Number of protein chains: 2
Amino acid sequence: MASTEPSWDFYRTFLTVLEHGSLSAAARELGLTQPTVGRHIDALEQSVGAELFTRSQQGLLPTDAALVLKPYAETLASTTAALLRAASGSRDKVSGTVRISASEVIGTEVLPSILATLQARYPDLVVELSPSDTVEDLLQREADIAVRMVAPAQEALLARHIATINLGLYAHRSYVERHGKPETIEDLRRRHKMIGFDRQTAYIRTMLKRYPMLDGVSFSFRSDHSTALHNALRAGIGIGFYQTPLARRDASLVRVLPEIELSIETWIVMHENLKTSPRCRVTFDALVAGLLDYIKGNDTEERS
Amino acid sequence: MASTEPSWDFYRTFLTVLEHGSLSAAARELGLTQPTVGRHIDALEQSVGAELFTRSQQGLLPTDAALVLKPYAETLASTTAALLRAASGSRDKVSGTVRISASEVIGTEVLPSILATLQARYPDLVVELSPSDTVEDLLQREADIAVRMVAPAQEALLARHIATINLGLYAHRSYVERHGKPETIEDLRRRHKMIGFDRQTAYIRTMLKRYPMLDGVSFSFRSDHSTALHNALRAGIGIGFYQTPLARRDASLVRVLPEIELSIETWIVMHENLKTSPRCRVTFDALVAGLLDYIKGNDTEERS
DNA sequence: TTGATGCCATACATTTATGTATACCATCTG
DNA sequence: CAGATGGTATACATAAATGTATGGCATCAA
């Protein structure tokens, strides 16, 4: 059918239209004009032999075919971005951009200070931090370095196991003053307010496997946004899990039921090809050093 | 520096030049002209801020920077190819192209007959078979479906464990007539000719772990090309490992030292996103059925 | 309703990218 | 050495992609 392969630029245009929902918006984003974007889409539809958008009321609606192609286009976009990062910066200088993926908690609470000292040392280093609890794929180059909570199963990845971060149940002082501390798990279940996750994350499954008696605990505050959860905890809404090293920084947090303890593994992972890149190398090393420092607060934690 | 992102087409041009070693050859491949290709490279060098090729005698030599970027460009190429495969064929019909990766032995000896019946049933199905012992990455979309000898470690992959394929030592009848059968491993080591792999493959390491006494066996015929190895075996050059189900098909092959037996796991793996694609679905199912059928010859094998 | 806004489609102008032709330089071969 | 082959670089012509301008059609708010 399509004898000639479409221009790769069409994929970029296609993805932008998909993300912005209109030809005009995509054109603005790309620095093109609306007719050009329309022509790109037309040409791509011609090439793949399928309608990609239904041109109807309420703007452009992506067809099923478009949604099938979307992840491929996203891979293309992340790969080109990674290529440009890889190209930037000279070979022996620490400069250019490095993109880091980490969980929300680590990314927002722990990494900034680590990265601050790193950037003070290397002023030409640009850091892109993506704190997200959806795992970004290093093989697909969505990030250069990732702080992970699971052991990396993929080959071609350079992984460094950092440590085990402990989590315990904490409440804010104001909450304890009003409701007291739970003394037993049964007490916790019946008389106290819990703060927890919305979805069934791997993290929750681990918790339930270790403490089956916690199953069925009713959460009175749920969110998938870690920062929101922690702010709820600090605001005295209820009792929730918190990373032990983090809790030590905040004197107003009180540990409850210290016999309950979870632990999550922490890994720093990087694509093997990047170990020759100075900026990735120093960032990797800085993350290792910084996180090792961070988890030091783990074991010296006084219990309740 | 480079305020504007380069055209994605430049990456395609860049990769083609890298693969073909000259502007002119790349131009022929792409259906462009040599000046255009040269301009693309110039523009890309401008964008990434690095020389990509040293324009000297003996053609274009890729710089270090170019080699760093190469894997990214390869990912782009395989992704666009996968995108086009995904786009081809209507949603409920079994048509379009499916790309299968398999080991050389399985790909050349076993799959063709399986795929023949599949294609007889679905005439519009186009199969691309890539028999290669280098593992192609499904996450990077180098193939749609893979027949693997290792358990898939990656998530987002739909994997089906087929069976354990046994390997034994075989020789051609003509070899046995001339040299006799080895009766002991020591005999094999000292008095017989072995056929084996050139590189240290995972396969060899497995073998040595199981039969350490085989270490130091001298191979009188080496190749990394499985078909060449098997033809050497059939030509009576020496003794080598062969898949038991395959050997049963050829009455002229004789098993020697039947107490030596290796086994390799077999998996069929597909990217999870593809399970809604009819052509991938039926191909996956056909491979499962066909390989299950193939390994049936495993255990009923008569010994020596 | 009316005007404002935002979107897509079309016709036309123009810039930009590409192709053609050619010169020049290597290497290999007889 | 001469000629053939295969490569890159440059100047110029051309084709192709892009931009501009405009019209039509929705939705939303006054």
Side-chain angles (χ1 to χ4, degrees), chain A residues 2-48 50-67 69-70 73 76 80, chain B residues 2-48 50-67 69-70 73 76 80:
Chain A
S3 57
T4 177
E5 196 192 346
S7 163
W8 287 10
D9 283 333
F10 294 169
Y11 301 131
R12 169 168 54 183
T13 305
F14 164 69
L15 181 62
T16 312
V17 172
L18 214 46
E19 287 172 344
H20 288 76
S22 84
L23 301 183
S24 310
R28 282 192 296 273
E29 175 76 18
L30 291 166
L32 298 173
T33 58
Q34 167 258 316
T36 303
V37 171
R39 283 186 283 249
H40 281 188
I41 298 299
D42 288 343
L44 189 58
E45 287 181 333
Q46 188 79 13
S47 289
V48 303
E51 286 246 310
L52 295 173
F53 298 94
T54 53
R55 266 80 164 226
S56 73
Q57 266 87 309
Q58 67 256 16
L60 261 52
L61 278 183
T63 64
D64 289 352
L67 295 178
L69 301 187
K70 191 180 182 194
L76 292 177
T80 56
Chain B
S3 57
T4 177
E5 195 192 347
S7 162
W8 286 10
D9 282 332
F10 293 169
Y11 302 131
R12 169 168 54 182
T13 306
F14 164 68
L15 180 63
T16 312
V17 172
L18 214 46
E19 286 171 344
H20 288 76
S22 83
L23 301 183
S24 310
R28 281 193 296 273
E29 174 76 19
L30 292 167
L32 298 173
T33 57
Q34 167 258 317
T36 303
V37 172
R39 284 186 282 248
H40 281 188
I41 299 299
D42 287 343
L44 189 58
E45 287 181 332
Q46 188 79 14
S47 290
V48 304
E51 286 245 311
L52 295 174
F53 298 94
T54 54
R55 265 82 163 221
S56 73
Q57 266 86 310
Q58 66 259 12
L60 261 54
L61 278 183
T63 64
D64 289 351
L67 295 178
L69 301 188
K70 189 180 182 196
L76 292 176
T80 56

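Letters A, B, ... are given to chains in the order of the sequence lines, protein chains preceding strands, and every chain is numbered from 1. What you see is a predicted model; the values in this text were computed from it and never measured.
By the 4.5 Å heavy-atom criterion applied to side chains, A/I41 and A/F53 are counted as neighbours. Contact annotation: the side chain of B/F14 approaches that of B/L69 to within less than 4.5 Å [non-hydrogen atoms, C-beta and beyond].
The distance from the CH2 atom of A/W8 to the CG atom of B/L76 is 5.5 Å, given to the nearest 0.5 Å. Distance CG/A/L23 to OG1/A/T33: 10.5 Å, rounded to 0.5 Å.
Residue pairs meeting the salt bridge (Lys or Arg N to Asp or Glu O under 4.0 Å) criterion with at least one member in residues 7-25 of chain B, sequence neighbours excluded: A/E5-B/R12, B/D9-B/R12. For residues 23-46 of chain B, the salt bridge (Lys or Arg N to Asp or Glu O under 4.0 Å) pairs, not counting sequence neighbours, are B/D42-B/R55, B/E45-B/R55.
The nearest whole Å value for the distance from the CD1 atom in B/I41 to the C1' atom in D/dG7 is 15 Å. Rounded to a whole Å, the CG atom of B/D42 is 14 Å from the C1' atom of C/dT18. Whole-Å rounding puts the A/L52 CG to C/dC8 P distance at 15 Å. With rounding to whole Å, A/L61 atom CG is found 12 Å from C/dC8 atom P. Spacing between atom NE2 of A/H20 and atom P of C/dG6 amounts to 15 Å, rounded to whole angstrom units. When the C1' atom of C/dC25 is taken as reference, atom CG of B/L60 falls 14 Å away, rounded to whole Å.
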>> Does the protein touch nucleotides 12-22 of chain D at the base, only the backbone, or not at all? Give it as B, S and - per nucleotide, heavy atoms under 4.0 Å.
In response: ------BBBB-
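Between C/dG6 and A/S22, no contact under 4.0 Å exists linking OP1 or OP2 to a side-chain N or O. Neither OP1 nor OP2 of C/dG6 sits under 4.0 Å from any side-chain N or O of A/R28.
Taking the side chain to side chain donor-acceptor pair (under 3.5 Å) definition, one finds that A/S22 meets it with nothing, sequence neighbours left out. For B/T63, the side-chain contact (heavy atoms from CB on, under 4.5 Å) partners are B/E51, B/T54, B/A65, B/A66, not counting sequence neighbours.
The rotation axes computed at either terminus of the helix from C/dT1-D/dA30 to C/dG30-D/dC1 lie 20° apart, taking five pairs at each end and rounding to 10 degrees.
In this model, no donor atom of one side chain and acceptor atom of the other lie less than 3.5 Å apart for A/T13 and A/T16.
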